[in-house]
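In what follows, a single structure is set out as structure tokens and then discussed.
For ligands, and for the atoms within them, numbers begin at 1 and follow the listed sequence. Residue numbers start at 1 and run along the sequence shown. Because the structure is a prediction, the values reported are computed rather than measured. In what follows, every heavy atom counts, from backbone to side chain, and hydrogens, waters and symmetry copies are set aside.
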Amino acid sequence: MAGTNLLTPSDIRELSNELGIRPTKTLGQNFVGDGGTVRKIVSHAGVVESDQVLEIGPGLGSLTLALLEAGAYVSAVEIDPKLATALPQTVGARHDRPERFAVAQFDALKIVDNELAVPPALESIAPTHLVANLPYNVAVPAILTALEAIPTLQVVDVMVQLEVAERLAAQPGSKVYGVPSAKVAWYAEATRGPLIGRGVFWPVPNVDSALVRLDRRPVPTADRERVFAVIDAAFAQRRKTLRQSLGNWAGSPKQAEEILRAAGVDPTLRGERLTIDDFVAIAKAGEEALGS
Ligand code: SAM
């Protein structure tokens with residue numbers, strides 16, 4: 001294991017003071033000051049020596065250092081210019097192989113694989129893991145954007161608000177199964193991981209967190225945008241049957257019923273019962289029936 005000095009709660013305060021950082025809610029800035037927690041995330045993600053890891057929102061570097069400690073190469077994307085600028089120095093002072101780390105300052109919602117920062121020790125980077133303590137307000141779009149933009153990602157293991165972790169890992173029939181669950185299922189199998197209490201953060205948020213792990217699965221053979229349009233329509237009016245909720249999408253409830261029957265889906269069900277394969281079948285039947 002490489003020599004690494006993880007951040008403690010007092011390091012977090014000191015670094016924030018030195019950099020003049022006042023954590024903002026808008027950017028979901030809650031920093032972890034607990035070595036046990038960041039090591040738990042790294043081991044839950046299964047990161048081992050020489051893995052190439054993408055980290056979104058490294059902040060002051062708590063999780064970054066734990067990833068480097070495990071022997072990973074880390075390419076980070078941080079939106080806050082002060083944090084992005086300071087991070088290489090923190091890594092250099094606390095880890096003995098800083099050439100395994102690089103950071104780019106941009107918005108993870110605009111992530112493009114050829115714009116990731118390449119650690120000096122590598123010639124190019126093709127991350128297999130996304131590991132992050134995600135900013136709460138953009139967690140779901142950040143995950144979906146990364147899975148779409150970076151095809152080499154095999155595992156996404158992230159800390160998110162507990163409720164979001166539950167939604168992402170929900171299966172059809174669950175009360176919390178919805179748009180994020182179905183869209184993530186297009187890319188991956190999701191499993192909820194351990195709960196993380198709010199006390200490990202500074203500032204302390206008013207919600208608990210949990211890990212969620214996504215293991216990539218083969219993408220269905222269908223047009224993703226068409227399938228996502230069906231998912232959005234099915235959940236826009238959650239309490240209605242599919243015949244009704246897909247009425248606008250199909251042109252009329254009657255047309256929706258025909259498409260649903262052609263797809264082998266019961267029109268009296270609600271969206272919350274459908275698997276990603278059902279949504280794919282509806283999108284395909286819709287394309288045949290509507291021709292557009
Ligand atoms: N990883 C650090 C830790 O565990 O202590 C910080 C986690 S904090 C919950 C979220 C981080 O994401 C902050 O550093 C914040 O500035 C950054 N961030 C927020 N929105 C972002 C975005 N759209 N793209 C990239 N980084 C973002």
Side-chain angles (χ1 to χ4, degrees), residues 4-16 19-42 44-45 47 53-70 72 74-88 90-91 94-95 101-112 115-117 127 129-146 149-150 156-162 164-165 196-212:
T4 315
N5 194 357
L6 299 182
L7 297 178
T8 63
S10 59
D11 293 331
I12 296 283
R13 303 288 185 104
E14 270 170 34
L15 270 172
S16 300
L19 301 173
I21 298 285
R22 287 173 152 224
T24 71
K25 275 201 174 170
T26 337
L27 291 180
Q29 291 177 330
N30 301 93
F31 304 113
V32 175
D34 177 53
T37 301
V38 287
R39 283 189 177 132
K40 189 189 274 187
I41 301 174
V42 172
H44 194 253
V47 170
V53 177
L54 167 66
E55 184 186 3
I56 292 177
L60 294 166
S62 310
L63 178 57
T64 318
L65 288 164
L67 288 163
L68 291 166
E69 180 185 60
V74 180
S75 175
V77 174
E78 170 59 59
I79 200 169
D80 185 321
K82 268 192 199 168
L83 290 170
T85 307
L87 196 49
T90 307
V91 169
R94 293 175 165 267
H95 179 65
F101 170 74
V103 58
Q105 188 252 316
F106 64 86
D107 180 350
L109 300 184
K110 299 191 177 130
I111 213 160
V112 183
E115 287 180 10
L116 297 180
H129 291 65
L130 163 58
V131 185
N133 168 15
L134 287 175
Y136 287 163
N137 40 1
V138 294
V140 172
I143 294 169
L144 292 172
T145 306
I150 305 176
V156 173
D157 203 303
V158 287
M159 174 143 79
V160 292
Q161 200 176 327
L162 173 60
V164 174
I196 312 275
R198 57 192 82 180
V200 302
F201 292 98
W202 178 80
V204 178
N206 50 13
V207 289
D208 287 324
S209 299
L211 301 187
V212 64

Pairing residues for N133 by the side-chain hydrogen bond (donor to acceptor under 3.5 Å, both in side chains) criterion, not counting sequence neighbours: none

Side chain to side chain, V91 and L68, heavy atoms closer than 4.5 Å: yes

Considering all heavy atoms, the nearest M159-F201 contact: CE-CZ, 3.5 Å

By side-chain contact (heavy atoms from CB on, under 4.5 Å) - contacts of I79 (at least two apart): L27, D107

Residues that D208 engages under side-chain hydrogen bond (donor to acceptor under 3.5 Å, both in side chains), provided they are two or more places apart: R198

Between ligand 1 and the protein, which N/O pairs are shorter than 3.5 Å?
residue: ligand 1; atom: 1 (N); partner: G57; partner atom: O; Å: 2.8
residue: ligand 1; atom: 1 (N); partner: P58; partner atom: O; Å: 3.4
residue: ligand 1; atom: 4 (O); partner: N133; partner atom: ND2; Å: 2.8
residue: ligand 1; atom: 5 (O); partner: V32; partner atom: N; Å: 2.9
residue: ligand 1; atom: 14 (O); partner: G59; partner atom: N; Å: 3.4
residue: ligand 1; atom: 14 (O); partner: E78; partner atom: OE1; Å: 2.8
residue: ligand 1; atom: 16 (O); partner: Q29; partner atom: NE2; Å: 2.9
residue: ligand 1; atom: 16 (O); partner: E78; partner atom: OE2; Å: 2.6
residue: ligand 1; atom: 23 (N); partner: D107; partner atom: OD1; Å: 2.8
residue: ligand 1; atom: 24 (N); partner: A108; partner atom: N; Å: 2.9
residue: ligand 1; atom: 26 (N); partner: I79; partner atom: N; Å: 3.3

Test applied, side-chain hydrogen bond (donor to acceptor under 3.5 Å, both in side chains); reference residue, T4; option that passes from H95, E69, R94: H95

